[in-house]
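Contents: one structure, followed by commentary.
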Amino acid sequence: MTLLGNTTIILVSWLDPHLHTPMYFFLRNLSFLDLCYTTSAGPQTLLNFRRTHKSISWAGCVAQLYVSLSLGCTECLLLAIMAYDRYAAICQSLRYTAIMSHRFCLQLVATAWLCSFGNSMLHTIRTMRLPRCGRNQIDNFFCEVPALLKLACVDTSANEAEVLASSVVFLLFPLGFILMSYGYIGATVLKIRSAKGRLKAFNTCASHLAVVSIFYGTAISTYLQPPSSYSQHQGKIVALFYGMVAPMLNPLIYTLRNKEMHRALQRALRRNMTAQGV
């Protein structure tokens with residue numbers, strides 16, 4: 001379902017000229033990110049569900065940690081960028097096309113990806129270099145920083161401080177920016193006299209707010225607490241949710257409430273039927 005939903009969003013928004021806008025450019029990036037997120041950890045997890053001896057190689061664990069952490073940080077920044085896009089569309093509507101130029105959108109997305117993968121490299125190296133003294137059983141579905149720090153047989157306070165600092169930068173700052181953007185959006189929407197206009201503005205933001213709530217809620221509960229107080233049972237449930245469930249829900253959230261996407265899907269189906277001579 002994750003592969004189908006996110007691939008559909010990417011293809012439809014790419015092929016339909018009506019959806020060649022900054023909002024759908026960022027949505028394509030989010031769908032691509034979710035595809036990468038699921039395929040980086042999903043196959044190994046599903047394989048282990050069927051095995052009696054559940055395992056992952058050291059190299060596989062390093063790769064999974066690096067990729068999943070990079071993509072998680074990228075999603076934090078990308079959701080903040082999408083909030084700014086909504087702010088520009090609603091609060092700066094007359095200058096929207098000038099502000100959100102194609103070049104500027106590319107720069108924002110490239111910055112998000114590069115910063116996230118650089119930050120993840122640092123945490124992956126620092127985490128995997130910790131001595132584990134033979135402790136190699138990870139009590140989690142995925143290789144994650146809090147679960148791996150639990151295996152270390154040395155003091156991890158410095159690593160915990162780095163994780164907390166990184167979480168503030170990649171979680172709290174973007175979340176604060178999102179909330180500030182929606183504060184301005186809310187004030188602007190309340191000034192719209194037409195009820196239809198207010199509803200239209202709300203609908204353009206509702207899907208994004210739902211995705212923000214799901215992602216940030218689970219990520220904050222995992223990374224904004226000391227690993228020493230990390231609950232393995234809670235951590236497994238949260239990791240499974242944002243690693244497998246959230247990427248499946250995102251395309252549903254964006255398509256169920258999105259009339260433009262509905263119309264684009266209908267146009268794509270009509271073109272397909274016409275091509276087949278139906």
Side-chain angles (χ1 to χ4, degrees), residues 2 33-34 36-77 113 115-172 174-175 214-247:
T2 302
L33 190 151
D34 283 339
C36 295
Y37 210 134
T38 301
T39 53
S40 68
Q44 180 69 40
T45 304
L46 294 174
L47 192 63
N48 278 333
F49 281 158
R50 295 180 57 86
R51 285 176 173 173
T52 304
H53 176 66
K54 307 177 191 305
S55 65
I56 185 171
S57 67
W58 186 85
C61 187
V62 173
Q64 192 179 93
L65 174 65
Y66 176 65
V67 173
S68 62
L69 191 58
S70 300
L71 296 174
C73 292
T74 305
E75 185 155 354
C76 290
L77 298 179
W113 284 89
C115 289
S116 301
F117 275 78
N119 173 72
S120 178
M121 177 69 74
L122 172 66
H123 285 294
T124 300
I125 293 172
R126 291 275 293 164
T127 301
M128 299 308 293
R129 287 181 64 185
L130 289 171
R132 296 184 299 276
C133 304
R135 299 163 64 184
N136 58 6
Q137 291 188 341
I138 304 169
D139 190 12
N140 204 314
F141 294 120
F142 314 112
C143 289
E144 288 198 305
V145 172
L148 289 168
L149 290 182
K150 278 280 188 179
L151 302 182
C153 56
V154 294
D155 180 31
T156 60
S157 56
N159 296 77
E160 292 182 19
E162 289 176 1
V163 170
L164 182 61
S166 180
S167 298
V168 169
V169 172
F170 282 92
L171 279 173
L172 291 189
L175 181 59
I214 292 171
F215 179 79
Y216 276 94
T218 53
I220 286 173
S221 68
T222 299
Y223 286 96
L224 276 182
Q225 61 171 317
S228 54
S229 62
Y230 179 76
S231 166
Q232 296 286 12
H233 180 66
Q234 176 188 337
K236 284 190 284 187
I237 295 173
V238 172
L240 190 64
F241 188 85
Y242 73 70
M244 302 288 280
V245 179

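Nearest heavy-atom pair, Gln137 versus Leu151, reported as atom, atom and distance to 0.1 Å: O-CD2, 3.3 Å. Residues Met121 and Tyr66 approach most closely at N-CE1, 3.4 Å, considering heavy atoms. Between Arg126 and Ala158, the closest heavy-atom pair is NH2-CB, 3.9 Å. Phe215 and Gly72 make their closest contact through CZ-O, 3.4 Å (heavy atoms, listed as atom of the first residue, atom of the second, distance). Among all heavy-atom pairs drawn from Phe170 and Cys115, the shortest one is CZ-O, 4.0 Å.
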Please determine whether side chain to side chain contact (heavy atoms under 4.5 Å, CB included) holds for the pair Val67 and Cys36, giving the CA-CA distance in whole Å, both sets of side-chain angles, and the decisive distance to 0.1 Å. CA-CA 8 Å; Val67 173; Cys36 295; 5.7 Å; no
Start with the C-alpha gap between Cys61 and Leu148, add the side-chain angles, then the distance that decides, and say whether side chain to side chain contact (heavy atoms under 4.5 Å, CB included) holds. CA-CA 10 Å; Cys61 187; Leu148 289 168; 4.2 Å; yes
Are Leu71 and Phe117 close enough, and set up right, to give a side chain to side chain contact (heavy atoms under 4.5 Å, CB included), and what steps lead you there? CA-CA 8 Å; Leu71 296 174; Phe117 275 78; 4.3 Å; yes
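Under the 3.5 Å distance criterion, the side-chain polar atoms of Thr127 are left unmatched by any main-chain donor or acceptor of Thr124. A distance-only check finds no donor-acceptor pair linking the side chain of Ser166 to the backbone of Glu162 [under 3.5 Å]. Of the possible polar contacts, none joining the Ser120 side chain to the Ser116 backbone as a donor-acceptor pair under 3.5 Å is found.
Note that CG of Leu77 and CG of Leu171 are 9.5 Å apart. Values are rounded to the nearest 0.5 Å. Note that the CG atom of Leu69 and the NE2 atom of His123 stand 6.5 Å from one another [nearest 0.5 Å]. How far CD1 of Ile125 is from CG of Leu65: 11.0 Å, rounded to the nearest 0.5 Å. Atom CG in Leu33 sits 10.0 Å away from atom OG in Ser70 (nearest 0.5 Å).
Evaluation of the ring pair (Phe, Tyr, Trp, His ring centres under 6.0 Å) rule for Tyr216 yields no partner, not counting sequence neighbours. For Ser157, the side chain to side chain donor-acceptor pair (under 3.5 Å) test picks out Asp155, with sequence neighbours left out.
Side chains of Glu160 and Thr156: a donor-acceptor N/O pair is present below 3.5 angstrom, by distance only.
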